[in-house]
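Okay, structure first, notes after.
The shown structure was predicted, so the numbers you read here are calculated from the model rather than taken from an experiment. Heavy atoms only: backbone and side chains are in, while hydrogens, waters and symmetry mates are out. Throughout, protein chains are lettered first and strands after them, A, B, ... in sequence-line order, and every chain is numbered starting at 1.
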Amino acid sequence: MNIVVLVKQVPDTYSERKLTDADHTLDRESADAVLDEINERAVEEALLIKEAQGGEVTVVCLGPDRATDAIRKALSMGADKAVHLSDEALHGSDAPATARALAKVVGTVESVDLVIAGNEATDGRSGAVPAMVAELLGWPQLTYARKVTTDGSTVGVERETDAGITTLEANLPAVVSVTEKINEPRYPSFKGIMAAKKKPVTTLSLADAGIEASEVGLANAATQVVESAPAPPKQAGQQVTDEGSGGVAVVEFLAGQKLV
Amino acid sequence: MSEVLVLVEHVDGEVKKITSELLTAARQIGEPSAVVVGEPGTAGKLGEALAAQGAEKVYAAESAEAGQFLVTPQVDVLSALVASASPAAVLLPASVDGKEIAGRLAVRTGSGLLSEVVGIDGSAVASHSLFGGTYEAKAKAVSGTPVVTVLPGSVEPEPAAGAAAVEQVEVPAADAGKSAKITGRQPVEAGDRPELTEASVVVSGGRGVGSAESFEVVEKLADSLGAAVGASRAAVDSGYYPHQFQVGQTGKTVSPQLYIALGISGAIQHRAGMQTSKTVVAVNKDAEAPIFEIADFGVVGDLFQVAPQLTDEVAKRKG
Ligand SMILES: Cc1cc2nc3c(=O)[nH]c(=O)nc-3n(C[C@H](O)[C@H](O)[C@H](O)COP(=O)(O)OP(=O)(O)OC[C@H]3O[C@@H](n4cnc5c(N)ncnc54)[C@H](O)[C@@H]3O)c2cc1C
Ligand SMILES: Nc1ncnc2c1ncn2[C@@H]1O[C@H](COP(=O)(O)O)[C@@H](O)[C@H]1O
């Protein structure tokens with residue numbers, strides 16, 4: 001089975017995140033960047049399937065140069081090779097354009113049976129890139145999986161969302177996205193980290209991937225941010241120290257707000 | 001006036017609360033048309049509720065297959081309607097299904113996608129709350145039809161009378177090569193408490209609650225207020241409460257009238273899921289806990305003292 005894992009580098013959620021004043025895009029300099037936690041689970045699931053069925057795991061990432069750190073992490077976990085789409089012109093691409101570019105890159109990888117993604121990135125939270133990639137590839141989507149099974153020609157998934165659990169089935173090739181519950185990702189071993197340095201990473205420009213510059217980037221986005229700013233700080237609330245009547249104080253506050 | 005399509009979220013022949021929020025938001029922009037995708041007979045059951053929420057038209061897209069494939073039937077129906085009705089916008093719930101349907105629809109129709117918005121104005125300019133509520137932005141679609149997913153709880157639903165004229169539309173036959181078949185469903189147990197993302201009051205517990213057994217303290221307070229119960233990731237990871245109740249960046253986003261945090265420190269990832277709550281009350285032993293920065297009312301104290309007293313006081317007021 002040949003599996004592509006879509007991985008994204010995101011700002012560490014522990015560091016301060018903001019948008020740039022210049023063009024309202026994510027200020028990537030202001031925060032540390034890491035391989036998104038959910039993508040470690042996507043890589044893990046791909047490795048588990050490969051270990052059971054053989055084949056190759058290719059990591060695909062769209063992002064600036066420094067996203068190579070995230071790619072190396074995925075390779076050090078055990079993925080075989082990577083394709084990195086990196087081009088200045090991608091700056092500011094919206095979610096549909098990102099999906100379009102990712103679908104094109106998946107198309108450059110030979111005989112792919114399965115694409116595995118995270119269900120939702122921690123930065124943008126659009127949660128729709130995997131579905132859009134499926135739309136563009138014309139493949140079935142089996143997203144928000146807490147369990148994946150495949151026999152090499154079909155794939156089954158337990159999808160878990162607010163609505164409950166849905167079991168899904170489709171023929172390969174297909175797109176799967178995984179949730180936090182799917183597995184516990186392995187830590188890269190020292191050997192894995194050393195081996196990752198020698199694994200092939202193909203860097204593609206837009207032209208290499210057959211993507212028109214007019215399809216991507218801030219200027220061609222189908223949506224436009226018209227203004228952005230830090231939220232006005234919430235005015236400091238009241239604070240009391242419980243000396244035996246804290247619960248009563250809360251009820252009085254709630255009554256004042258007509259909340260009880 | 002142009003039509004505005006609203007994808008109706010329904011379960012067991014009932015309209016979900018988010019639908020009335022979407023119909024209210026749609027009226028800002030144009031004439032709301034409800035789109036019902038489901039098995040034959042679904043639209044009939046929902047018609048009355050949709051009329052009371054201001055739907056002028058109800059597009060009934062019904063077929064046996066409509067409920068048997070994941071999200072693609074909805075995408076097929078909406079993209080056909082975008083072509084035939086040229087709506088001013090399409091509004092969907094910012095639920096998992098809603099966001100996926102919206103993404104595919106935007107791709108298929110070459111439209112701008114506005115995700116998880118907290119408000120929308122008459123010219124379809126959408127407001128977003130970013131990075132755990134620390135940032136705000138406004139955005140608009142500049143090509144195609146704006147496809148907008150709206151966070152539950154961000155619009156105050158206002159009833160309005162609508163004609164709810166039913167128009168049958170076709171559900172295109174599913175292409176099994178391009179769609180995932182639904183082979184089973186296990187809906188979440190409704191339980192006696194309101195659903196987390198729909199509740200107007202949420203009481204959440206964190207690591208400070210200390211054990212699964214002590215979560216009873218959280219549940220009792222929730223029940224006295226008719227609230228849903230939530231939990232921080234630390235509480236979920238420690239096995240105190242089931243995962244589906246996790247609030248935060250990797251859990252659910254809630255936007256209730258009142259959010260009560262018990263024994264939760266208020267990490268940015270937790271705030272990401274609750275910061276748009278209208279009123280926040282926090283109880284924490286640690287006066288320096290970051291949750292107090294966003295609390296309208298904070299009690300520095302032991303939750304095992306404060307919460308039971310609060311539960312009793314609420315009960316007393318109710319008489
Ligand atoms: C990628 C990523 C995603 C994440 N997603 C989420 C998410 O979706 N949701 C989420 O919640 N977290 C998430 N987290 C985790 C988050 O960073 C915090 O670790 C978590 O929110 C902490 O939970 P807590 O406040 O319950 O626990 P703690 O931070 O341990 O806080 C417990 C608090 O309880 C107080 N306390 C203890 N005993 C008592 C008592 N008897 N009475 C009163 N107060 C008491 C303590 O003073 C303390 O402030 C995520 C982290 C990462 C890296
Ligand atoms: N720039 C990107 N490069 C590679 N994969 C991505 C990118 N953006 C999104 N994805 C994939 O899509 C998943 C969901 O992201 P999103 O839809 O943005 O919330 C991520 O976990 C990744 O697997």
Selection from [options] maximising heavy-atom pairs under 4.5 Å formed with chain A:
{"options": "B:K181, B:R317, B:Q305, B:R185", "result": "B:K181"}
{"options": "B:V107, B:T183, B:V306", "result": "B:T183"}
{"options": "B:S143, B:S111, B:P308", "result": "B:S143"}
{"options": "B:G301, B:G298, B:S179", "result": "B:G298"}

I need the residue from [options] with the largest number of non-hydrogen atom pairs under 4.5 Å to chain B.
{"options": "A:A170, A:P130, A:G246", "result": "A:G246"}
{"options": "A:S245, A:A174, A:P173, A:G156", "result": "A:S245"}
{"options": "A:S228, A:G244, A:A95, A:A99", "result": "A:S228"}
{"options": "A:A229, A:A255, A:A131, A:A97", "result": "A:A229"}
{"options": "A:P230, A:G164, A:A134", "result": "A:P230"}

Test item: [X] and [Y] side chains (from C-beta on) under 4.5 Å apart, heavy atoms:
{"X": "A:E252", "Y": "B:E313", "result": "no"}
{"X": "B:V142", "Y": "A:T223", "result": "no"}
{"X": "A:D94", "Y": "B:L113", "result": "no"}
{"X": "B:K138", "Y": "A:V225", "result": "no"}
{"X": "B:E100", "Y": "A:M132", "result": "no"}

Given a strict heavy-atom distance threshold of 4.5 Å, which part of [X] is in contact with chain A: side chain, backbone, both, or neither?
{"X": "B:V201", "value": "neither"}
{"X": "B:T149", "value": "neither"}
{"X": "B:Q246", "value": "side chain"}
{"X": "B:V75", "value": "side chain"}
{"X": "B:A94", "value": "neither"}
{"X": "B:V283", "value": "neither"}

Out of curiosity, [X] [atom1] to [Y] [atom2], how far, rounded to the nearest 0.5 Å?
{"X": "B:Q244", "Y": "A:T161", "atom1": "CD", "atom2": "OG1", "value": "11.0 Å"}
{"X": "B:L70", "Y": "A:E169", "atom1": "CG", "atom2": "CD", "value": "13.0 Å"}
{"X": "A:T241", "Y": "B:K285", "atom1": "OG1", "atom2": "NZ", "value": "14.5 Å"}
{"X": "B:K178", "Y": "A:E135", "atom1": "NZ", "atom2": "CD", "value": "8.0 Å"}
{"X": "B:L310", "Y": "A:L254", "atom1": "CG", "atom2": "CG", "value": "6.5 Å"}

Ring pair (Phe, Tyr, Trp, His ring centres under 6.0 Å) with A:F253: which residues, sequence neighbours excluded?
->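 Result, ring pair (Phe, Tyr, Trp, His ring centres under 6.0 Å) vs A:F253: B:F297.
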
More than 12 heavy atoms of other residues, nucleotides or ligands under 6.0 Å from CD of B:E14: is that the case?
->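 No.
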
Take atom NZ of A:K258 as the centre, draw a 6.0 Å sphere, and report whether it contains more than 12 heavy atoms from other residues, nucleotides or ligands.
-> no

Under 4.5 Å from a heavy atom of chain B, the part of [X] involved:
{"X": "A:V260", "result": "side chain"}
{"X": "A:E227", "result": "both"}
{"X": "A:E37", "result": "side chain"}
{"X": "A:A221", "result": "backbone"}
{"X": "A:I38", "result": "neither"}

Any donor-acceptor pair under 3.5 Å linking the side chain of A:T167 with the backbone of B:G184?
-> yes

Close approach to chain B in residues 139-155 of chain A, criterion heavy atom under 4.5 Å =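 Heavy-atom contacts from residues 139-155 of chain A to chain B are A:W139, A:P140, A:Q141, A:L142, A:T143, A:Y144.
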
Less than 4.0 Å between a side-chain N and a carboxylate O, is that true for B:D97 and A:R159?
-> yes

Using the side chain to side chain contact (heavy atoms under 4.5 Å, CB included) rule, pick out the option among B:L258, B:V281, B:L225 that qualifies with A:L259.
-> B:L258

Is there a side chain to side chain contact (heavy atoms under 4.5 Å, CB included) between B:Q257 and A:Q257 once you walk through the steps?
-> CA-CA 10 Å; B:Q257 295 299 319; A:Q257 304 281 316; over 6 Å; no

What do the steps show when you test B:V300 against A:D242 for side chain to side chain contact (heavy atoms under 4.5 Å, CB included), and what is the final call?
-> CA-CA 6 Å; B:V300 181; A:D242 181 38; over 6 Å; no

